[in-house]
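Notes follow once the structure below has been shown.
Values in this document were obtained by computation on a predicted structure and should not be read as measured data. Sequence lines set the chain letters: A, B, ... in the order given, protein chains first and strands last, and positions in each chain run from 1.
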Amino acid sequence: MNRSHSYMSHSLHGSDRLARGLGWFSIGLGLYKMLAPRKLTEPLGMEGFEPMVRACGAREIACGVGALSTNPSLALWSRVGGDAMDLAALAAALRDKHNPKKENVGVALAAVGAITALDLVCASRIKKRYAYQAGPTPDYSDRSGFPRPAEAMRGTAGDFETPRDMRAALPSPAKSPGERVTPTTRSPNG
Amino acid sequence: MKALCWHGKNDIRYETVPDPEIEDPRDAIINVSSCAICGSDLHLFHHFMPSMKSGDIVGHEFMGEVMEVGSEVKHLKVGDRVVVPFTITCGECDQCRRGNFSLCERSNRNKAMADKVFGHAGAGLFGYSHLTGGYAGGQAEYVRVPFADETHIQVPDTLTDEQVLFLGDIFPTGWQAAVQCDIEPTDTVVIWGAGPVGQFCVRSAVLLGAKQVIVIDNVPERLSMAQAGGAIPLNFDEESVLGRLNDLTHGKGPEKCIDAVGLESHVPRSPDSMYDRVKQSLWMENDRAHVLREMIYVCRPGGVLSIPGVYSGLVDKIPMGQLMNKALSVRSGQTHVRRWTDDLVRRIDEGQIDPSFVITHSVGLDEGPEMYNIFRNKQDGCVKVVLKP
Ligand SMILES: NC(=O)c1ccc[n+]([C@@H]2O[C@H](COP(=O)([O-])OP(=O)(O)OC[C@H]3O[C@@H](n4cnc5c(N)ncnc54)[C@H](O)[C@@H]3O)[C@@H](O)[C@H]2O)c1
Ligand SMILES: [Zn+2]
Ligand SMILES: [Zn+2]
């Protein structure tokens with residue numbers, strides 16, 4: 001392997017740290033949107049859209065929790081999807097002839113655009129790193145661990161006797177019809 | 001010395017830490033020649049085990065040469081080559097006398113804290129949180145081994161590290177899981193999970209003479225490795241577990257079921273699995289119990305459930321009604337490693353089995369942190385990682 005030493009000696013890479021940063025950011029921003037939506041709608045000239053902003057906040061929080069989980073991949077792609085929705089909403093606000101605060105909307109568009117780029121970079125890097133079962137699927141059909149074919153090894157440890165404390169609690173149901181187990185009888189002395 | 005240290009979720013680092021020292025006259029210091037990453041370490045990696053502290057040295061599968069012994073150590077001397085069982089055992093307490101080494105009453109030095117959590121706690125373990133004693137682990141250059149006279153396995157020099165390393169954990173774990181099934185020649189044994197532990201369950205069940213051994217997983221190369229060892233593979237992504245098991249058992253269900261998956265079972269499309277994921281991520285339950293539920297459901301009435309898979313705390317929606325009405329027996333526990341190892345050393349030595357078959361990756365300790373990622377994500381055909389300090 002020709003990866004550098006420091007790259008191998010930490011299990012967390014830059015992209016993992018970025019994912020965590022985005023996770024906390026997402027939770028913070030989500031809370032802000034949920035608790036104080038007017039502080040966003042007013043400067044953007046989007047009064048009346050508070051319920052939508054609150055819903056976005058809930059989405060941000062869910063994505064944030066996901067981004068902090070053991071596998072942040074899905075949450076990061078959800079963030080990218082959310083970013084696209086935000087961009088669409090802001091673009092609509094920019095096109096709105098009656099919006100008096102288009103300058104602010106422009107600034108917000110640029111900011112969300114930058115975050116989107118960050119989310120995209122992070123999501124695609126994380127996707128690669130966390131790709132389940134990525135790489136070759138080797139053939140392990142020769143790795144039996146036995147000196148002879150497995151069939152010939154069946155019962156080789158026949159010399160082993162199950163210790164008393166590990167015997168099956170019930171007579172094995174396997175021996176169908178099996179040995180008949182007689183019900184315990186009363187001892188002669190009662 | 002260099003060691004792998006835990007610093008939080010997904011965060012393992014190769015670091016310089018102080019060398020271990022003899023702290024008790026019954027200690028020994030081992031110079032580690034080989035160590036491995038276990039599926040149990042992934043539970044730490046994902047921070048599902050409580051009471052880990054930043055900087056804890058991880059690892060509980062290791063072996064090496066004795067470097068130093070305490071004044072009261074009688075059966076070990078400097079230069080001896082030993083495998084170290086992951087369960088620390090005093091050899092003298094009531095539980096150790098019965099062979100219940102993973103329940104040793106003396107080796108957990110945080111027993112007071114652990115008793116509060118468990119009611120009555122088990123043995124100390126290497127590198128596995130402060131609830132199990134907070135002992136430094138073996139993914140390191142050197143390790144302090146408490147109760148060294150009892151906590152070691154002597155191995156013949158004729159066998160390689162790769163052949164004997166797994167005597168410290170996964171081989172006896174698979175063996176005990178099968179032994180607990182009290183296998184009869186007419187039994188069907190089903191094993192959930194074709195990870196390293198599942199692989200040794202398969203070999204053990206075959207050696208112990210099960211009529212039919214079935215292994216369930218969704219990782220193709222792990223299934224093919226299990227098939228090589230004598231199991232019928234069942235890919236849960238491609239076929240119905242219940243349907244196939246019924247087909248293979250004339251509609252009666254398997255007599256013996258082994259859970260070699262533990263608390264992180266994943267089944268992408270099953271509703272109960274999704275439910276568990278949500279609850280687990282909201283800290284409303286500790287463990288994902290899909291495999292337990294499935295075992296209880298498919299098992300033949302009167303059968304045995306053997307559970308080597310690790311669980312950490314609370315689980316939800318366990319069908320107690322099925323378990324009780326079907327009169328199933330449950331056997332579980334951390335492995336009583338030393339109880340089985342003399343017999344297993346002999347079986348390796350006689351050539352009945354060569355445990356090195358499971359090793360797919362062998363790298364330096366410095367590459368360990370990245371191997372946690374590769375092992376976890378099952379990339380690159382990874383089944384078992386051995387690290388060389
Ligand atoms: N009792 C003990 O003393 C002891 C000792 C060692 C390991 N363990 C435990 O055994 C378990 C397995 O360890 P491992 O090293 O093989 O780990 P692993 O993570 O490599 O293997 C687990 C396997 O289970 C499979 N799996 C996940 N969900 C499944 C499902 N629903 N059905 C079937 N298969 C499923 C995975 O694909 C994987 O191959 C872990 O919980 C580990 O902590 C216990
Ligand atoms: Zn282990
Ligand atoms: Zn003891």
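Listed in order of number, the residues of residues 53-86 of chain A that approach chain B to under 4.5 Å between heavy atoms are Leu68(A), Ser69(A), Thr70(A).
With a 4.5 Å cut-off on non-hydrogen atoms, Trp175(B) touches chain A through its side chain but not through its backbone. Glu151(A) does not touch chain B: none of its heavy atoms, backbone or side chain, sits under 4.5 Å away. Using a 4.5 Å cut-off between heavy atoms, Val304(B) touches chain A through its side chain atoms alone. Heavy atoms of His266(B) lying under 4.5 Å from chain A belong exclusively to its side chain. When heavy atoms are compared at a cutoff of 4.5 Å, Ala205(B) does not approach chain A at all. Heavy atoms of Arg277(B) lying under 4.5 Å from chain A are absent altogether. Contacts between Ile359(B) and chain A at a heavy-atom distance below 4.5 Å involve the backbone alone (N, CA, C, O). Residue Arg148(A): no heavy atom, backbone or side chain, is found under 4.5 Å from chain B. Proximity to chain A (any heavy atom under 4.5 Å) is shown, for Val202(B), by neither the backbone nor the side chain. In this structure, no portion of Asp16(A) lies under 4.5 Å from any heavy atom of chain B. Interface remark: Gln227(B) contributes no atoms to any contact with chain A (heavy atom separation under 4.5 Å).
Panel note: side chain Ser141(A), backbone Ser224(B); no donor-acceptor pair is recorded below 3.5 Å. Arg203(B) places a side-chain N or O within donor-acceptor distance of the main-chain N or O of Ser144(A), the cut-off being under 3.5 Å. Side-chain atoms of Arg13(B) never come within 3.5 Å of backbone atoms of Leu12(A) as a donor-acceptor pair (strictly under, hydrogens ignored). Under the 3.5 Å distance criterion, the side-chain polar atoms of Asn377(B) are matched with a main-chain donor or acceptor of Arg129(A). In this structure a side-chain-to-backbone donor-acceptor pair under 3.5 Å is missing from Glu221(B) to Tyr140(A).
In this structure, the separation between CG on Asn10(B) and NE2 on His13(A) is 10.5 Å, given to the nearest 0.5 Å. To the nearest 0.5 Å, atom OG1 of residue Thr137(A) and atom CD of residue Gln379(B) are 11.5 Å apart. Rounded to the nearest 0.5 Å, atoms OG1 (Thr162(A)) and CG (Leu208(B)) are 7.0 Å apart. Taking CG of Asn373(B) as the start and NE2 of His10(A) as the end, the distance is 12.5 Å to the nearest 0.5 Å. Note that CD of Gln133(A) is 8.5 Å distant from CZ of Arg222(B), once rounded to the nearest 0.5 Å. Met153(A) CE to Leu207(B) CG: the interatomic distance, rounded to the nearest 0.5 Å, is 5.5 Å.
Considering all non-hydrogen atoms of both residues, Gly381(B) and Pro138(A) come closest at CA-CD, 3.5 Å. Of all the heavy atoms in Arg154(A) and Gln212(B), the pair that sits closest is NH1-N, 4.2 Å.
Within 6.0 Å of atom CE in Met284(B), 12 or fewer heavy atoms from other residues, nucleotides or ligands are found, so the atom counts as exposed in its surroundings. Counting heavy atoms of neighbouring residues, nucleotides and ligands inside a 6.0 Å radius, atom NZ of Lys127(A) does not exceed 12 of them. Crowding of Arg125(A) atom CZ: a count of heavy atoms from other residues, nucleotides or ligands under 6.0 Å not exceeding 12. Within a 6.0 Å radius of CD in Glu350(B), more than 12 heavy atoms belonging to other residues, nucleotides or ligands are found. Around atom CZ of Arg17(A), more than 12 heavy atoms belonging to other residues, nucleotides or ligands sit under 6.0 Å away. Other residues, nucleotides and ligands contribute only 12 or fewer heavy atoms inside 6.0 Å of the CD atom of Glu103(A).
Among Gly229(B), Ala231(B), Ser306(B), the residue making the largest number of heavy-atom pairs under 4.5 Å with chain A is Gly229(B). Between chain B and the options Pro149(A), Gly155(A), Ala150(A), Gly158(A), heavy-atom pairs under 4.5 Å are most frequent for Gly155(A). Ranked by heavy-atom pairs under 4.5 Å with chain B, the first of Pro163(A), Pro136(A), Ala134(A) is Ala134(A). Counting heavy-atom pairs under 4.5 Å between each of Gly368(B), Pro355(B), Ala210(B) and chain A puts Ala210(B) at the top.
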Fill in: Check against side-chain contact (heavy atoms from CB on, under 4.5 Å), Asp165(A) and Arg98(B)
CA-CA 10 Å; Asp165(A) 61 325; Arg98(B) 292 171 180 218; over 6 Å; no
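The existence of a salt bridge linking Asp159(A) and Arg346(B) is confirmed by a sub-4.0 Å separation between a basic side-chain nitrogen and an acidic carboxylate oxygen.
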